[in-house]
Trainee: 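This is the structure I have questions about; it appears just below.
Since this is a predicted model, take the numbers as computed values, not measurements. Side chains included, hydrogens not; waters and symmetry mates left out as well; all remaining heavy atoms used. Numbering of ligands and ligand atoms starts at 1, following listing order.
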Amino acid sequence: MKIAILPGDGIGPEVIDEACKVLKALALGVETETAPVGGAAYEASGVPLPEPTLALARAADAVLFGAVGDPRYDSLARALRPEQAILGLRRELGLFANLRPVHLYPELASASSLKPEIVAGLDLLIVRELTGDIYFGAPRGRRHAPDGAFAGALEGFDTMRYSEPEIERIAHVAFRAAEKRAGRVTSVDKANVLETSQLWRETVTRMASHYPRVALDHMYVDNAAMQLVRAPKSFDVIVTGNLFGDILSDEAAMLTGSIGMLPSASLDSHGKGLYEPSHGSAPDIAGKDLANPLATILSLAMLLRYSLDQEAVALKIEAAVQKVLASGLRTADIHAPGYQRIGCRAMGDAVVAAL
Ligand code: IPM
Ligand code: MG
């Protein structure tokens, strides 16, 4: 088995280092190979997703990804920006199913910005479609507006689109996940306004008949954003499109107190996947040993579970993280009075020691 390691930018390399420490300590005999991606790759070779990096990702059984992005590259043409690396990997590897579990560790209930009684025991899963929607829809671009009140003016445009098979395959992922959980799927759309969403809703509704043990309901995205902060425990699995899922998953992440705790998996239809922390590159704290490596370490656990079929090892890592939290160690993002504040490297060491 081979894992491609793509550290990327900002805090990416630091958090990846800690996850690699954990992988090494497990002594699974898994091979790893590292390659540059994002701004780091742009610096080295002029493009954010160099061909050898993509080739390595294709050849590996799974990809462990840090983060990409840095304000230094904000003025580059869109095709050269670091974000294009992750979007390109998702598209080229067909990673259409993004799983973002939102789990509140009981030890961190006080780190949430919501009242503990609203979030205690929170455990939901966001299933975000990742290779379609307005992110990838053509046509897109700039032109002079052909009509309307601002005809002739410069306008930017993007296209939101979803085909039936695309909706069906992500719905399958959500229903199957719900069968193993509390058996509820909430499909989030904007069917009161958008054609794309109307097709989405009809298609998901039709799929539900294949899953008699799962209860399906539908929610408009604005209401879902509200319910996530009003009664987050009312959700089990949320399935939604790429753009809505991007926004709702950041919102849901904050319910747990820190986005620094949340792993994610992006899977193709054969179980191959790219695993990355849900947080970004956080350039403001990069290189200061301040980042929380737990989201990346938990992403490694997801990698072992979904792509390497090592459920027992995944559970072991998750238990070690829980143990470290219970012992009172905290990185800055989840620190509160009464706990011991430590850096990124010490947190990685603590997880290895707990293992
Ligand atoms: C995410 C990120 C990406 C996205 C960016 C970096 C392109 O926000 O993974 O949620 O919008 O999908
Ligand atoms: Mg996002």
Side-chain angles (χ1 to χ4, degrees), residues 6-13 15-16 36-42 47-49 53-54 57 63-74 76-102 124-137 140 158-160 162 166 170 173 188 221 224-225 228 238-256 258-268 273-284 286 291-292 295-296 298-299 302-303:
L6 310 184
D9 308 322
I11 60 173
V15 294
I16 286 285
V37 74
Y42 173 77
V47 286
L49 183 56
T53 300
L54 180 57
V63 180
L64 187 63
F65 188 93
V68 287
D70 189 298
R72 269 184 295 171
Y73 308 112
D74 279 355
L76 290 180
R78 197 166 45 82
L80 295 178
R81 292 183 53 147
E83 290 80 3
Q84 290 305 311
I86 185 65
L87 296 174
L89 281 164
R90 289 171 182 170
R91 186 185 56 234
E92 294 300 318
L93 301 183
L95 307 172
F96 71 93
N98 185 214
L99 309 183
R100 297 194 166 180
V102 180
L124 67 90
L125 175 69
I126 297 188
V127 177
R128 169 190 175 195
E129 200 291 329
L130 205 56
T131 51
D133 203 355
I134 196 164
Y135 268 60
F136 294 97
R140 61 190 289 158
D158 298 274
T159 307
M160 178 178 275
Y162 264 121
E166 267 179 305
I170 195 70
V173 172
V188 171
V221 62
L228 268 175
I238 292 177
V239 63
T240 190
N242 205 345
L243 180 65
F244 299 155
D246 178 47
I247 300 166
L248 293 181
S249 60
D250 266 27
E251 185 192 7
M254 241 4 251
L255 301 172
T256 69
S258 172
I259 198 169
M261 292 298 302
L262 297 182
S264 78
S266 305
L267 306 176
D268 73 1
L274 179 149
Y275 300 80
E276 57 174 326
S278 287
H279 60 71
S281 55
D284 54 323
N292 183 348
T296 312
L298 292 166
S299 297
M302 289 185 93
L303 183 157

Trainee: List for me each residue that meets salt bridge (charged side-chain N to carboxylate O under 4.0 Å, His left out) alongside Asp284, sequence neighbours excluded, and say none if there are none.
Mentor: none
Trainee: Looking at ligand 1, does any of its N/O atoms fall within less than 3.5 Å of an N/O of Tyr135?
Mentor: yes
Trainee: Test your reading of the structure: does Glu83 have an N or O sitting under 3.5 Å from an N or O of ligand 1?
Mentor: no
Trainee: Could you identify the single nearest non-hydrogen protein atom to atom 1 (C) of ligand 1 and state the distance to 0.1 Å?
Mentor: Arg100 NH2, 3.4 Å
Trainee: Kindly say whether Tyr135 contributes a backbone atom to a donor-acceptor pair with the side chain of Asp133 at under 3.5 angstrom?
Mentor: no
Trainee: I need the nearest protein heavy-atom contact for atom 3 (C) of ligand 1: residue, atom name and distance, please.
Mentor: Arg90 NH1, 4.0 Å
Trainee: Any N/O/S atom, side chain or main chain, of Asp250 closer to the Mg ion (ligand 2) than 2.8 Å?
Mentor: no
Trainee: Specify which N/O/S atom of Asp246 comes nearest to the Mg ion (ligand 2), by atom name.
Mentor: OD1
Trainee: Quick one about Tyr73 and Asp9 (side-chain donor to acceptor, distance below 3.5 Å, no hydrogens or angles considered), yes or no?
Mentor: no
Trainee: Quick one: look at Arg128 and ligand 1, take heavy-atom pairs under 4.0 Å, and tell me if it's side chain, backbone, both or neither.
Mentor: side chain
Trainee: Taking Thr159 for the side chain and Arg140 for the main chain, is one N or O donor matched with an acceptor at less than 3.5 Å?
Mentor: no
Trainee: Stepwise, does the side chain to side chain contact (heavy atoms under 4.5 Å, CB included) test hold for Ile86 with Leu274?
Mentor: CA-CA 10 Å; Ile86 185 65; Leu274 179 149; 3.9 Å; yes
Trainee: Kindly identify the option in Asp246, Ile86, Ile247, Asp250 whose heavy atom sits closest to atom 8 (O) of ligand 1.
Mentor: Asp246
Trainee: Between Ser249 (side chain only) and Gly245 (backbone N and O only), is there a donor and an acceptor less than 3.5 Å apart?
Mentor: yes
